[in-house]
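This report refers to the structure that appears directly beneath it.
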Amino acid sequence: MTSTKDVLDHHLKCFGEGDLTGILSDYAPGAVLFTPDGPLRGTDAIRPLFQAMFAEFGKPGAAFSMKQQAVEGDYAYILWTAETADNLYELGTDTFVVRDGKIVAQSFAGKITPKG
């Protein structure tokens, strides 16, 4: 069985590589991702979020810094900062719930300041 840490490691690797198929494979079909704009239910709803993130973080000069990473049983937490051509992520935080090797729930919050 895939551990929560394995799922998180794969998720972060896929994010860093801009691997949309890989990152979506981490989610259970009925997963929910809570965002400041409301919940996204299922991989079809989650896909556009990552397409936009990959487009933004794929631009030259993007930088990502992991500040904290913790795993406790079925739960994982990350705290990070980043800067892209478009935005300054003064703080980003994600919490994951993993069951049977898949993310079943995730929350994201951040302090994001647009540039320009």
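Quick note: numbers below take in every heavy atom, side chains included, and nothing from hydrogens, waters or symmetry partners. One is the number of the first residue; the rest follow in order along the sequence. Values in this document were obtained by computation on a predicted structure and should not be read as measured data.
Here D9 does not pair with K13 in a salt bridge; the nearest charged N to carboxylate O distance is not below 4.0 Å.
No single ILVMFWY cluster, assembled from side-chain heavy atoms under 4.5 Å apart, contains both L12 and L91. Y27 and V104 are members of different hydrophobic clusters when ILVMFWY side chains are connected at heavy-atom separations under 4.5 Å. Under the 4.5 Å side-chain contact rule for hydrophobic residues, F108 and M53 share a cluster.
Residues satisfying the side chain to side chain donor-acceptor pair (under 3.5 Å) criterion with K102, sequence neighbours excluded, are absent altogether.
A distance of 9.0 Å separates NE2 of H11 from CG of L24, quoted to the nearest 0.5 Å. Between the CD1 atom in I103 and the OG1 atom in T4 there is a gap of 9.5 Å [rounded to 0.5 Å].
Across G22 and H10, no two heavy atoms sit closer than the pair O-CE1, 3.3 Å.
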Can you give the donor-acceptor pairs under 3.5 Å from side chains of residues 28-52 to other protein atoms, not counting sequence neighbours?
from : atom 1 : to  : atom 2 : distance (Å)
T35  : OG1    : D37 : N      : 3.1
T35  : OG1    : G38 : N      : 3.3
T35  : OG1    : G38 : O      : 2.7

Enumerate, atom names and distances included, each donor-acceptor pair closer than 3.5 Å involving a side-chain atom of residues 72-83, sequence neighbours excluded.
from : atom 1 : to   : atom 2 : distance (Å)
Y77  : OH     : T93  : OG1    : 3.3
W80  : NE1    : D94  : OD1    : 2.8
E83  : OE2    : K115 : NZ     : 2.6

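Within the 4.5 Å cutoff, side-chain heavy atoms of Y89 are placed close to those of T84.
For an aromatic pair to be called close, the ring centres must be under 6.0 Å apart, and F57 with F15 satisfies this.
K111 and T113 share no side-chain donor-acceptor pair at under 3.5 Å.
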